[in-house]
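The block underneath contains the structure these notes are about, expressed in structure tokens.
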Amino acid sequence: MKAAFTTGKELQKMDPVFGQLSFDDHEQIVFCNDKDTGLKAIIGIHNSVMGPALGGTRMYNYANEWEALNDVLRLSRGMTFKAAITGLNIGGGKAVIIGDAKTQKTPELMRKFGEFVHSLSGRYITAEDVGMETADMDIVRDVTPYVTGISESRGGSGNPSPITAYGVYLGMKAAAKQQFGSDVLSGKKVLVQGIGHVGETLVDYLTKEGAVVTIADINEEKLNEVGSKYNAQIFRGDDLYSADVDIYAPCAMGATLNDATVYKIKAKVIAGAANNQLADENVHGAILQERGILYAPDFLINAGGIINVYAELAHYDKVEIMRKTENIYNTTLEIFDFALANKITPHHAALTIAQNRINQRKLENSKK
């Protein structure tokens, strides 16, 4: 009988990187290991046509290295299109550190990670993501200039989460206008899944506008804290994907829209901060469209964070940060119009427009 698991010899015959379904002609994958600090990290540089690859570092307790590799490949690809669709002259990259950010993250580990970032000589510029704080980016800055999102006291743009949440909020309003005929969210039932830095700020915006907010999170303590602070309902059901709401806002990890959930969704709009919400962007994006559910492309509406940290590289001020973030509203509506005109999904429409910009820059670069 054939073994139920893959043996080491079988792995050697496989394509462990290039053969990944999430591999999309990435330019460079860097595996980082340091025995003394316990650092195990992967840096993914997807595309640098528009400029150096910019993207945050995520520290997460992945089940295995394959899961971490898949995540960094998907995330770095998303950053390429996020920057392009937003009009930024920057490429796409991302990094993941394997481990528990609450118990295994140390200043020594962050410094060692910074040294690996520095060894790439600016091809990859890091920033804050899940499991990271602005203080961690300050430590990385001690050993390399190739980091953004450092403290404002050190000349940085600070925590990008509030700007990310603002962009998601505006993208949600644009989706509501497209689907319901009005961008007014007062009275709309919104389920926010994941109430970290971005999710909580989104709850704040929604509450102030008068939306009926329900929150869900695996952290019970945080759930009760945020629920009490904003008078938000806490989801206590068995299946949040079947919740009777108008808008579903995934703000935690990706791939929540998958084979097991995509037919359960009752919401008519999906607009959230999580990256890579569609487990399969072609299959699940099409199913949502067939069901009459409007999906706001995640890499478009959650671009406020990269707009914020890119300001450190492009040297523009907070006024320009807000202007660029507010433009997410208009771009989202343009994407919906483009999708309708071309009879494609909004996700495909956003990818197409972003790829066209990259192709144009590639052509320009070849003529220099």
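Treat the numbers as computed from the prediction; the structure is a model and nothing was measured. The figures here come from the full heavy-atom set of this structure, side chains too, leaving out hydrogens, waters and symmetry mates.
V30 and L109 fall within a single hydrophobic cluster, where Ile, Leu, Val, Met, Phe, Trp and Tyr are joined by side-chain heavy atoms under 4.5 Å apart, directly or via other members. Hydrophobic clustering keeps L223 apart from L240 (ILVMFWY residues linked when any side-chain heavy atoms are closer than 4.5 Å, directly or through intermediates). Tracing side-chain contacts under 4.5 Å through hydrophobic residues (I, L, V, M, F, W, Y), one reaches F299 starting from L88; they form part of the same cluster. Taking hydrophobic clusters as Ile, Leu, Val, Met, Phe, Trp and Tyr residues chained together by side-chain heavy-atom distances below 4.5 Å, F23 does not share a cluster with I45.
Between Q178 and L340, some side-chain heavy-atom pair lies under the 4.5 Å cut-off. Contact annotation: the side chain of L73 never approaches that of N70 to less than 4.5 Å [non-hydrogen atoms, C-beta and beyond].
No side-chain donor-acceptor contact under 3.5 Å links S228 to the backbone of N224. Not a single donor-acceptor pair under 3.5 Å links the side chain of T256 to the backbone N or O of P250. Under a 3.5 Å cut-off, the side chain of D136 and the backbone N or O of M132 do not form any donor-acceptor pair.
With rounding to the nearest 0.5 angstrom, the CE atom of M50 is 7.0 Å from the CD1 atom of I358. Rounded to the nearest 0.5 angstrom, I344 CD1 and I335 CD1 are separated by 8.5 Å. Between K105 atom NZ and M110 atom CE the span is 6.5 Å, to the nearest 0.5 Å. Taken to the nearest 0.5 Å, the OH atom of Y205 stands 8.0 Å off from the CG atom of L170. If you take OG on S161 and CD on E133, they are separated by 8.0 Å, rounding to the nearest 0.5 Å.
For an aromatic pair to be called close, the ring centres must be under 6.0 Å apart, and Y146 with Y124 fails this. Ring-centre distance between H26 and F18: not below the 6.0 Å cut-off.
No hydrogens or angles considered: nothing links the side chains of R74 and N275 as a donor-acceptor pair under 3.5 Å. Using modelled atom types and a 3.5 Å distance limit, the side chains of Y60 and D100 yield no donor-acceptor pair. Residues H284 and D259 have side chains that bring a donor and an acceptor to within less than 3.5 angstrom of each other. When only modelled atom types and interatomic distance are considered, S157 and E152 share no side-chain donor-acceptor pair under 3.5 Å. Side-chain contact annotation: Y248 with Q193, donor-acceptor N/O pair under 3.5 Å present. Side-chain atoms of D204 and T201 form no donor-acceptor pair, as typed in the model, at a separation below 3.5 Å. With 3.5 Å as the limit, one finds a donor-acceptor pair spanning the side chains of S151 and D138. With 3.5 Å as the limit, one finds a donor-acceptor pair spanning the side chains of N359 and Q355.
In this structure, L363 places its CG atom where more than 12 heavy-atom neighbours from other residues, nucleotides or ligands lie under 6.0 Å away. Within 6.0 Å of the OH atom in Y263, the count of heavy atoms belonging to other residues, nucleotides or ligands does not exceed 12. Shown here is E67, whose CD atom has more than 12 heavy atoms of other residues, nucleotides or ligands within 6.0 Å. The local environment of CD in E221 is sparse, with at most 12 non-hydrogen atoms from other residues, nucleotides or ligands closer than 6.0 Å. Within 6.0 Å of the CZ atom in F180, the count of heavy atoms belonging to other residues, nucleotides or ligands exceeds 12.
Using a 4.0 Å cut-off between charged side-chain N and carboxylate O, R77 and D24 make a salt bridge. By the 4.0 Å N-to-carboxylate-O rule, E209 lies close enough to K173 to be salt-bridged with it. The pair D239-K264 meets the salt-bridge criterion, since a charged nitrogen lies less than 4.0 angstrom from a carboxylate oxygen. Comment: E326 does not engage R323 in a salt bridge, judged by the lack of any side-chain N to carboxylate O separation of less than 4.0 angstrom.
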Steps toward side chain to side chain contact (heavy atoms under 4.5 Å, CB included) verdict (V17, F31): CA-CA 11 Å; V17 177; F31 293 83; 4.1 Å; yes

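Shortest non-hydrogen contact noted between I85 and T331 is O-CG2, 4.3 Å.
Between F81 and H46, the ring planes lie tilted relative to each other; the angle falls in the 30° to 60° range.
F336 does not carry K177 over the face of its six-membered ring by the limits of under 6.0 Å from the centre and within 45° of the normal.
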